[in-house]
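Structure, as structure tokens:
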Amino acid sequence: MTQSPPAPPEVSAPAAPAPGKTRYRPELQGLRALACALVVIYHVWLDRVSGGVDVFFFITGFLITGQLFRASLRDRVRFRATWGRFVKRLVPSMATVLVGVVIAAYFLLPETRWQQTAGEIVASALFFENWQLAAQSADYFAQHDQASVVQHFWSLSIQGQFYLVWPLLIAAFAFVVKRFGGNLHRWLFGLLTVLTAGSLAYSVYLTAADQQFAYFMSATRVWEFALGGLVALAIDRLALPRAIRILLGWVGVAGLVLCGLVLQVGTMFPGYVALWPVVAAALVLVAGQTGTVFGADRMLSSRPLNYLGNVSFSLYLWHWPVLLFYVLLRDRPEVGLRGGAVVIAVSLALAMLTYHLVEQPVLRAKADTRTVWGSYRIGASMLAVVLAVAGAWQLAAVERATFVQKEDDPAHPGAEVLSPGGPHADGDAEPIPPFAALPKQYDNFTAEQCRHSDKNEIVVICNESLNPNPTRRIVVAGDSHSQQFNAALRPAAEKAGWEIISMGRGGCPLTTEAPNNPECAAWNETVMQEILEIKPDAVFTMASRDAHPLRDEITPAGYVEQWRTLEEAGIPVIAARDNPRFNRSLADCAEKRGVDHPSCSVARDKVYDPQPSWTAVENLPRNVQFVDFSDYFCTPTECPPMIGNVLVYLDNNHITKAYMKTLAPMVRERVSGILDRVG
């Protein structure tokens, strides 16, 4: 089972105020229960998402718009009471789950995930988790983060933002309409129509342009709330024959059930395909109570589904962390039928306890919590507990991640132990970097050292000259695997007097072949223009890729074509063999089982052939000089997670900055030799 951004889990059912019309309450509860059950089942057993979040957004819009409209007709919207109900209904359960997750994560999560999880817990408590994930979706390296145990709070964050803004919008609009003597129902219907059309159009556009960012973006979801409001305003005016309503109800239920099976929700939503689950939910509400045993409402109004609807908010909040903790404990990618049943049973038990021991007592509490300000006080106090616990955990993570790497440290020689006649590592020394520091072990330049290209802003040029009159100028160009060599090249440059100019973009190697990534193609075009203008002494880039147990290492033709272009310009190329890639994180294995555990190493012959891939390429350009550091990433027999008391990998395919620094002497020797030969 795999879960990572951009394929996040769905949101819990909203703990919204009761609907204004009693006759719709059973259908709403049943619809809420059905959506939540489908989300849980799809996640646990099918490893997919189902579109349930869109249903919950729609229901929330239906409920709150109807309430605000009726309040505006009677008198005015009472903001403190409206927001107070939201706080009292959502925050207690949310805070309970978040505190429970912090406690469990402290004991169960590897330290490599502490800072990410603690940060997302804070974001979830403050209702901006969707923006946190949206920012990560634009960050190449953050995309390698494993699924957070609270990433499903992204949609609850959008609901919180909606609850804050929607009453203000409706109240302001109602004030203007009343001031000019208009018909509130007609004008509000028009406003929601415009919002629905505009947000849906933007959702379609942004989903096509950047689906990962669109998934978490608040504006791409407004239409789902607004459409719920349109149904709330129109539903009492619809008079359909019973037979039609029976048909609509079952079509809606079938649409919800089939949505996750037919659509790739995690890669296609939101966009126009999100109309499927939203329209299906609308059909169920329009069908209403048919008064017959043949109607879908008979099933949706049943006592079991009504109860499940009551606990669905807590059920959704609990099921995702329970699922991830179970997978972590079992150390398996899939849960299986029996494991899934255990996950659902535990999640349901926790949801029932949360509903009966937290949510309901708060709602029924007398005295202070029945007042508006009492709701705010109890919500603030519970959130304060979450923030305090998460903050303490974050501080612990930062403290564990703090370390200083010493130059020429005999206790941590790293790659030098694999050099002929190299030193021996102290077997009693603690490995560096600490596991908690691994997420920050990508090598980066500072913002002051970087600028955007004048030709295309997607190209970022970073420059570090440690000598005002550099002896050599080297451009490091390509994806993250070439950029990670900066950690070894910069120490080498300091001693040799070189200038390092970096042009990198995650996932974009220096190649002419990027048919499925127009941005990478544009990036490559601009980078080559910049290199030809700079005319460096050499370009350092990658010579191969896919040194992986399940793939064959190759030197793509697109790499060679770029080398030929540089050959025509008289620019030498230093091309490095790729480091190993794995289907799992060796660092996580090492933390859990120990750095010397046999299962945490991979046989060298499974990732590397005896001969590098470029040896099979005919007519190689004469300007290319190859460097092969595979003997420093692997021993003659295996590729271990630690060499010379330094952790080699920070995830499943990137080298730690700390280990690269220990490779600097060997990099300086080989690159200097090449530069001397090419003049």
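Since the structure is predicted, the reported quantities are computational estimates derived from the model, not experimental observations.
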Return the set of residues passing side chain to side chain contact (heavy atoms under 4.5 Å, CB included) with [X] (not counting sequence neighbours), or none when no residue passes.
X: L395; answer: none
X: S630; answer: R577, R604, Y608, D628
X: D596; answer: none

[Y] side chain reached by [X] side chain, heavy atoms, under 4.5 Å:
X: Q405; Y: P433; value: no
X: R545; Y: Y559; value: yes
X: L650; Y: P439; value: no
X: Y215; Y: L133; value: no
X: C589; Y: P641; value: no
X: E533; Y: I531; value: no
X: I501; Y: C462; value: no
X: N652; Y: R584; value: no

Stepwise salt bridge (charged side-chain N to carboxylate O under 4.0 Å, His left out) check, K495 with E407: CA-CA 13 Å; K495 292 189 176 183; E407 188 174 358; 3.4 Å; yes

Go through it in stages, so that I can follow the logic: the residues are Y205 and D210, the test is side-chain hydrogen bond (donor to acceptor under 3.5 Å, both in side chains), and I'd like the CA-CA distance, side-chain angles, deciding distance and then a yes or no. CA-CA 9 Å; Y205 159 75; D210 189 347; over 6 Å; no

With R473 via salt bridge (Lys or Arg N to Asp or Glu O under 4.0 Å) - residues at least two apart: E499

Tell me every residue that passes salt bridge (Lys or Arg N to Asp or Glu O under 4.0 Å) with D605, counting only those two or more places apart in sequence or in another chain.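 Partners of D605 by the salt bridge (Lys or Arg N to Asp or Glu O under 4.0 Å) criterion come out as none, since no residue qualifies.
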
I need the full list of salt bridge (charged side-chain N to carboxylate O under 4.0 Å, His left out) pairs touching residues 659-672, with sequence neighbours left out, sorted by first then second residue. none

Can you list every salt bridge (charged side-chain N to carboxylate O under 4.0 Å, His left out) pair that touches residues 633-649, not counting sequence neighbours? none

Check step by step if side chain to side chain contact (heavy atoms under 4.5 Å, CB included) holds for M542 and D479. CA-CA 8 Å; M542 300 309 298; D479 60 9; 4.1 Å; yes

Output the distance between atom [atom1] ([X]) and atom [atom2] ([Y]), rounded to the nearest 0.5 Å.
X: D409; Y: I432; atom1: CG; atom2: CD1; value: 6.0 Å
X: D631; Y: C634; atom1: CG; atom2: SG; value: 8.5 Å
X: L510; Y: Q562; atom1: CG; atom2: CD; value: 4.5 Å
X: Q212; Y: M217; atom1: CD; atom2: CE; value: 15.0 Å
X: H654; Y: S585; atom1: NE2; atom2: OG; value: 12.0 Å
X: N130; Y: S157; atom1: CG; atom2: OG; value: 5.0 Å

Got a donor-acceptor contact below 3.5 angstrom from the [X] side chain to the [Y] backbone?
X: T662; Y: G414; result: no
X: N524; Y: P509; result: yes
X: Q441; Y: A658; result: yes
X: T220; Y: F216; result: no
X: W154; Y: W131; result: no

Quick one: do the S203 and R221 side chains pair a donor with an acceptor below 3.5 Å?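 S203 vs R221: no donor-acceptor pair found between side chains.
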
Could you tell me whether the side chains of H481 and N653 share a donor-acceptor contact shorter than 3.5 Å? yes

Residues two or more places apart in sequence or in another chain: which of them pass side-chain hydrogen bond (donor to acceptor under 3.5 Å, both in side chains) with E111? R400

Would you please name every residue forming a side-chain hydrogen bond (donor to acceptor under 3.5 Å, both in side chains) with Q449, sequence neighbours left out? T446

Closest non-hydrogen atom pair between [X] and [Y], with its separation:
X: W393; Y: A105; value: CH2-CB, 3.4 Å
X: A492; Y: A664; value: CB-O, 4.1 Å
X: A429; Y: A411; value: CB-O, 3.8 Å
X: D537; Y: T471; value: OD2-O, 4.4 Å
X: V667; Y: A488; value: CG2-CB, 3.8 Å
X: C639; Y: L586; value: O-CD1, 3.8 Å

Return a table of donor-acceptor pairs under 3.5 angstrom between the side chains of residues 609-616 and protein atoms on other chains or two or more places apart.
residue: S613; atom: OG; partner: T555; partner atom: N; Å: 3.4
residue: S613; atom: OG; partner: T555; partner atom: OG1; Å: 2.7
residue: T615; atom: OG1; partner: P612; partner atom: O; Å: 2.6

Listed once per pair and sorted, the ring pair (Phe, Tyr, Trp, His ring centres under 6.0 Å) pairs that draw on residues 560-601, sequence neighbours left out: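 Every ring pair (Phe, Tyr, Trp, His ring centres under 6.0 Å) pair that includes a residue of residues 560-601, provided the two are not neighbours, is W563-F626, F582-Y649.
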
Who passes ring pair (Phe, Tyr, Trp, His ring centres under 6.0 Å) against F540, sequence neighbours left out? F485

Is it true that, when you exclude F403 itself, more than 12 heavy atoms of the residues, nucleotides or ligands shown sit nearer than 6.0 Å to its CZ?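 Yes - once you tally the heavy atoms of other residues, nucleotides and ligands closer than 6.0 Å, there are more than 12.
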
Passing option when D443 is tested against R490, K657, Q484 for side-chain hydrogen bond (donor to acceptor under 3.5 Å, both in side chains):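 Only one option passes, and that is R490.
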
Would Y632 and S419 satisfy side chain to side chain contact (heavy atoms under 4.5 Å, CB included), going step by step from the backbone distance to the final call? CA-CA 8 Å; Y632 293 101; S419 296; 3.3 Å; yes

With side chain to side chain contact (heavy atoms under 4.5 Å, CB included) as the test, would you mind laying out the steps for R677 and Q625 before giving the verdict? CA-CA 10 Å; R677 288 197 302 273; Q625 301 292 320; 3.7 Å; yes

Could you give me the CA-CA distance, side-chain angles and deciding distance for V150 and W320, then say whether side chain to side chain contact (heavy atoms under 4.5 Å, CB included) is met? CA-CA 8 Å; V150 293; W320 181 245; over 6 Å; no

Give a yes or no on whether a salt bridge exists between E530 and K455, defined as a side-chain N under 4.0 angstrom from a carboxylate O.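 Yes, this pair counts.
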
So that I can tick it off, tell me whether E519 and R505 are bridged by a salt bridge, with the cut-off set at under 4.0 angstrom between side-chain N and carboxylate O. yes

Given the options V646, T635, I643, V417 meets side chain to side chain contact (heavy atoms under 4.5 Å, CB included) only with I643

